Asker: 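One structure, as structure tokens, below. Some questions next.
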Amino acid sequence: MKKKIAVFASGSGSNFEAIAKACLKDRINAEVVLCVCDHPGAGVTQRAKRLNISVLELVPKSYSSKAEYEGVILRELKKLGVEFICLAGYMRIVGETLLNEYEGKIINIHPSLLPSFPGVDAIGQALNYGVKVFGITVHYVDQTLDGGKIISQAAIPYDGNDREELEAMIHPREHVLYVSTLKSLLG
Ligand code: GRF
């Protein structure tokens with residue numbers, strides 16, 4: 001039985017697309033049944049529509065609390081039978097409404113070798129620090145900011161200052177690591 005997964009994203013959605021396509025090609029024993037996006041109109045929504053994947057677009061500030069916002073998401077996840085959640089550029093801390101139901105079944109990808117450089121603009125933080133080995137991490141999500149248990153990592157040596165060049169090295173590696181990690185978790 002294919003596991004039903006949802007991918008949460010706020011931006012361009014290249015990781016979403018890599019995961020969805022790997023599922024469609026049966027490289028992961030899973031099916032992406034929902035894309036959750038907290039920025040209506042973000043690039044990820046176009047990618048989802050092209051792949052015929054349902055999108056739940058929400059405006060968080062139109063809800064009176066995080067619990068109310070996540071309650072709407074939770075109802076949709078339950079309705080669709082979602083068993084596993086991937087965060088892929090989802091720019092929000094997951095709250096207890098979702099964690100109570102899915103802890104241990106929510107993972108995230110972060111563009112640094114955690115625990116170094118959690119939070120926003122990890123690549124910029126690392127560049128400012130002058131690190132020579134960059135990287136990516138897939139980890140379980142808990143109530144902390146990028147602090148859950150690490151599942152997999154990849155190191156990317158880079159001795160330079162060109163952010164675009166570095167990002168062009170990091171992003172394709174993210175897609176590969178996210179897909180291979182999901183394969184190891186879900187079969
Ligand atoms: C990726 O760098 C990911 O590691 C981070 O947000 C970015 C999302 O990129 N959490 P994309 O929207 O998947 O292209």
Side-chain angles (χ1 to χ4, degrees), residues 5-24 27-28 30 32 34-51 53 55-58 60 73 84-95 98-99 102 106-129 131 133-158 160 162-185:
I5 66 180
V7 180
F8 289 31
S10 308
S12 139
S14 68
N15 281 282
F16 160 82
E17 185 163 339
I19 293 167
K21 284 187 168 165
C23 291
L24 286 168
R27 291 179 50 218
I28 306 169
V32 178
L34 184 67
C35 165
V36 175
C37 179
D38 62 342
H39 278 271
V44 69
T45 63
Q46 305 308 319
R47 294 185 198 253
K49 284 167 195 162
R50 278 201 294 275
L51 292 168
I53 293 172
V55 183
L56 177 63
E57 292 180 78
L58 301 145
I73 299 175
F84 199 88
I85 297 171
C86 299
L87 307 186
Y90 180 65
M91 302 301 284
R92 221 158 261 288
I93 304 250
V94 174
L98 287 172
L99 277 178
Y102 285 99
I106 310 186
I107 65 173
N108 179 43
I109 189 158
H110 185 76
S112 77
L113 290 172
L114 289 170
S116 294
F117 312 121
V120 174
D121 192 21
I123 295 174
Q125 293 182 54
L127 270 173
N128 285 340
Y129 223 93
V131 306
V133 181
F134 294 78
I136 43 190
T137 303
V138 178
H139 63 92
Y140 286 106
V141 172
D142 61 15
Q143 66 291 344
T144 64
L145 178 63
D146 301 322
K149 194 165 167 36
I150 290 168
I151 307 166
S152 60
Q153 291 187 307
I156 300 168
Y158 176 70
D162 184 334
R163 189 184 170 118
E164 266 184 40
E165 184 180 47
L166 177 59
E167 287 189 355
M169 291 167 76
I170 290 178
H171 289 308
R173 295 286 299 275
E174 287 191 318
H175 306 157
V176 172
L177 187 71
Y178 218 161
V179 167
S180 66
T181 304
L182 276 167
K183 169 115 196 94
S184 72
L185 293 174

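Just so it is clear, the structure is predicted and the values come from calculations on it, not from any experiment. Both ligands and their constituent atoms are indexed starting at 1 by order of listing.
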Asker: Could you tell me if the ring centre of F8 sits under 6.0 Å from that of F16?
Answerer: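 F8 vs F16: aromatic centres not under 6.0 Å.
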Asker: Within the side chain of Y158, is there an N or O that forms a donor-acceptor pair under 3.5 Å with the backbone of D162?
Answerer: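 Checked: pair present.
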Asker: Under the rule for salt bridge (Lys or Arg N to Asp or Glu O under 4.0 Å), what residues qualify as partners of D38, not counting sequence neighbours?
Answerer: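 Result, salt bridge (Lys or Arg N to Asp or Glu O under 4.0 Å) vs D38: R92.
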Asker: Write down, by chain and number, every protein residue that brings a non-hydrogen atom to less than 4.0 Å from an atom of ligand 1.
Answerer: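 Heavy-atom contacts below 4.0 Å: S12, G13, S14, N15, G89, I109, H110, P111, H171, E174.
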Asker: Do R173 and E167 meet the salt-bridge criterion of a basic N to acidic O distance under 4.0 Å?
Answerer: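 Salt bridge between E167 and R173, a charged N being under 4.0 Å from a carboxylate O: no.
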Asker: Quick one: does S152's side chain have a donor or acceptor within less than 3.5 Å of a partner on T181's backbone?
Answerer: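 A pair under 3.5 Å: no.
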Asker: Tell me whether E17 contacts the main-chain N or O of L51 through its side chain, where contact means a donor paired with an acceptor under 3.5 Å.
Answerer: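 Judged by distance alone, no pair lies under 3.5 Å.
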